[in-house]
Amino acid sequence: MSFSLASKRLCSSLTSMKMVSLAAWAPLTLFENCKSMDQLKQMHAQIIETGFALDPAALSRIIVFCCAHEFGDMKYAREVFDRIPEPSVFIWNTMIKGYSRTHCAHYGISMYASMHRVGVKPDCYTFPFLLRVFTCDVAFEWGRGFHAHVLKYGFNSNVFVHNALVHMYSVCGQVDMAPGVFDMVSEKDVATWNAVISGYNKIKKFYESWKLFCEMEKKGVLPTSVTLVSVLSACSKLKDLDAGKQVQNYLKACVVKPNIVLENALIDMYAACGEMDVALEIFEDMKRRDVISWTTIVKGFCGSGQVDLARNYFDQMPDRDYI
């Protein structure tokens with residue numbers, strides 16, 4: 001065997017070993033214990049040194065870390081992304097999700113526009129990642145256009161996409177649009193109901209929130225703590241004590257586990273309805289209180305004309321200087 005042929009076979013063998021090695025350690029082992037961007041950059045440098053600067057699995061892991069980790073860096077993610085010749089829809093979605101996580105809606109929109117321009121079709125994850133972060137202004141400007149794209153690509157029956165649309169219309173106060181989208185969903189999950197109930201609260205249609213909750217009950221959909229907080233807020237504004245007690249039954253029946261946000265909402269509801277004895281009982285039974293707990297009970301005593309009690313509890317408030 002000639003030296004040249006032996007060298008070629010050896011090089012081929014080594015290349016094969018490197019490919020197997022990278023597949024084994026880069027995506028699975030190298031990144032699983034990564035805790036910071038400094039570590040990630042060191043790992044990225046190792047990948048480049050071993051000749052796999054464009055390995056899809058490794059670059060995918062780098063982008064996922066940058067986009068999803070609390071210490072991630074979207075600028076670095078974009079630099080890596082721009083070096084990928086043909087990003088998959090998963091990579092596009094990850095970038096959009098990263099911009100959503102960091103509340104950079106316009107960068108997410110720009111990423112979607114680029115994705116559309118190069119002919120990569122969105123999937124059922126694209127729109128939820130994108131629409132969830134829309135602020136009121138962004139939703140007003142871009143919302144209906146993205147709704148049209150949802151219909152264009154045939155995601156009008158996907159519950160996750162519909163939830164995102166309902167959330168988007170609710171955020172910008174266009175709840176009159178949300179029910180139309182809401183009614184199109186054949187299998188509504190609790191997140192869908194929550195989005196519309198919350199949307200009605202935002203535009204002060206509290207009775208509509210309550211009616212929708214009652215409809216949700218008839219459909220047999222179990223509420224979450226998010227549902228109950230929204231509905232208790234509506235009951236508080238309506239000063240509807242019976243409705244508030246009906247909501248509290250879910251806590252008494254252990255359907256929903258109590259938490260500090262729910263307990264604060266209950267205190268606010270009972271205080272708004274003039275039931276300060278019950279509000280105080282809930283307050284005193286709380287295992288932990290925050291500034292909102294103290295503020296709500298003080299506000300309740302003020303609202304019922306019990307100024308001395310309000311002052312007494314205000315003086316006990318540990319964080320009153322930070323209100």
Side-chain angles (χ1 to χ4, degrees), residues 1-134 138 146 149 153 160 164:
M1 181 186 298
S2 68
F3 178 78
S4 176
L5 182 58
S7 295
K8 288 181 179 178
R9 288 187 177 180
L10 178 60
C11 288
S12 177
S13 177
L14 288 173
T15 301
S16 178
M17 288 172 63
K18 285 171 71 178
M19 292 294 286
V20 172
S21 175
L22 185 72
W25 59 264
L28 300 177
T29 308
L30 189 62
F31 296 100
E32 63 185 13
N33 295 318
C34 185
K35 302 287 192 240
S36 69
M37 283 303 301
D38 286 339
Q39 289 181 5
L40 184 77
K41 289 176 182 179
Q42 291 173 14
M43 295 171 185
H44 192 186
Q46 291 178 36
I47 291 168
I48 294 171
E49 288 172 3
T50 54
F52 294 99
L54 296 179
D55 179 78
L59 295 182
S60 175
R61 282 302 181 97
I62 292 170
I63 290 175
V64 167
F65 182 92
C66 291
C67 294
H69 199 276
E70 60 177 321
F71 300 117
D73 184 338
M74 286 306 299
K75 184 178 179 181
Y76 195 81
R78 185 57 190 260
E79 291 174 358
V80 174
F81 175 86
D82 287 340
R83 289 183 171 88
I84 302 176
E86 295 182 0
S88 66
V89 67
F90 170 79
I91 296 297
W92 286 98
N93 285 347
T94 302
M95 290 295 296
I96 291 170
K97 184 180 180 181
Y99 285 127
S100 294
R101 186 186 65 84
T102 54
H103 303 286
C104 298
H106 283 95
Y107 283 108
I109 292 170
S110 176
M111 184 62 62
Y112 176 84
S114 298
M115 174 182 173
H116 188 259
R117 188 167 52 250
V118 299
V120 177
K121 291 183 179 181
D123 63 14
C124 61
Y125 299 102
T126 308
F127 294 106
F129 290 155
L130 185 62
L131 301 179
R132 285 286 183 183
V133 76
F134 276 16
V138 174
F146 280 108
H149 273 231
Y153 288 107
F160 299 108

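These values consider heavy atoms only, across backbone and side chains, with no hydrogens, waters or symmetry-generated copies.
When all heavy atoms of Ile47 and Ala58 are compared, the closest pair comes out as CD1-CB, 3.6 Å. The two residues Cys34 and Ser36 make their nearest non-hydrogen contact at SG-O, 3.4 Å. Closest of all the heavy-atom pairs between Cys67 and Arg101 is O-NE, 2.6 Å.
Distance check: Ile63 CD1 to Lys97 NZ gives 14.0 Å after rounding to the nearest 0.5 Å. Between the CG atom of Asp55 and the CD1 atom of Ile84 there is a distance of 10.5 Å, given to the nearest 0.5 Å. The OG atom of Ser110 lies 6.0 Å from the CZ atom of Arg78; values are rounded to the nearest 0.5 Å. With values rounded to the nearest 0.5 angstrom, Met43 atom CE is found 11.0 Å from Arg61 atom CZ. Note that CD1 of Ile91 is 11.0 Å distant from CE of Met111, once rounded to the nearest 0.5 Å. Between atom CG of residue Leu130 and atom CE of residue Met115 there is a gap of 10.0 Å, rounded to the nearest 0.5 Å.
For Phe81 and Trp92, the ring centers are positioned less than 6.0 Å apart. Ring centroids of Phe160 and Phe127 are separated by 6.0 Å or more, keeping the two rings apart.
Between His69 and Phe65, the ring planes are parallel. Angles under 30° get that label, and only those over 60° would be called perpendicular.
Residues Thr126 and Phe146 form no side-chain contact, since every pair of their non-hydrogen atoms from C-beta on lies 4.5 Å or further apart. Counting heavy atoms from C-beta outward, Leu40 and Phe71 have side chains that stay 4.5 Å or more apart. Side-chain contact between His149 and His116 is present, with heavy atoms from C-beta onward closer than 4.5 Å. Side chains of His44 and Ile48 form a contact here, defined as non-hydrogen atoms less than 4.5 Å apart.
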**OP:** Might you work through the side-chain contact (heavy atoms from CB on, under 4.5 Å) test for Cys66 and Met37, ending with a clear yes or no?
**Re:** CA-CA 8 Å; Cys66 291; Met37 283 303 301; 3.8 Å; yes
**OP:** Evaluate the side-chain contact (heavy atoms from CB on, under 4.5 Å) criterion for residues Val138 and Ile109: first the C-alpha distance (whole Å), next the side-chain angles of each, then the deciding distance (0.1 Å), finally the verdict.
**Re:** CA-CA 10 Å; Val138 174; Ile109 292 170; 3.7 Å; yes
Original post:
How far apart are the C-alpha atoms of Met74 and Cys104, what are their side-chain angles, what is the distance that settles it, and do they pass the side-chain contact (heavy atoms from CB on, under 4.5 Å) test?
Top reply: CA-CA 10 Å; Met74 286 306 299; Cys104 298; over 6 Å; no
Subject >> Full working for side-chain contact (heavy atoms from CB on, under 4.5 Å) between Val120 and Glu86 >> reply: CA-CA 9 Å; Val120 177; Glu86 295 182 0; over 6 Å; no
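Within the 3.5 Å criterion, the main-chain N or O of Phe129 finds a donor-acceptor partner in the side chain of Ser100.
No more than 12 heavy-atom neighbours from other residues, nucleotides or ligands sit within 6.0 angstrom of OH on Tyr125. Within 6.0 Å of OH in Tyr107 there are 12 or fewer heavy atoms belonging to other residues, nucleotides or ligands.
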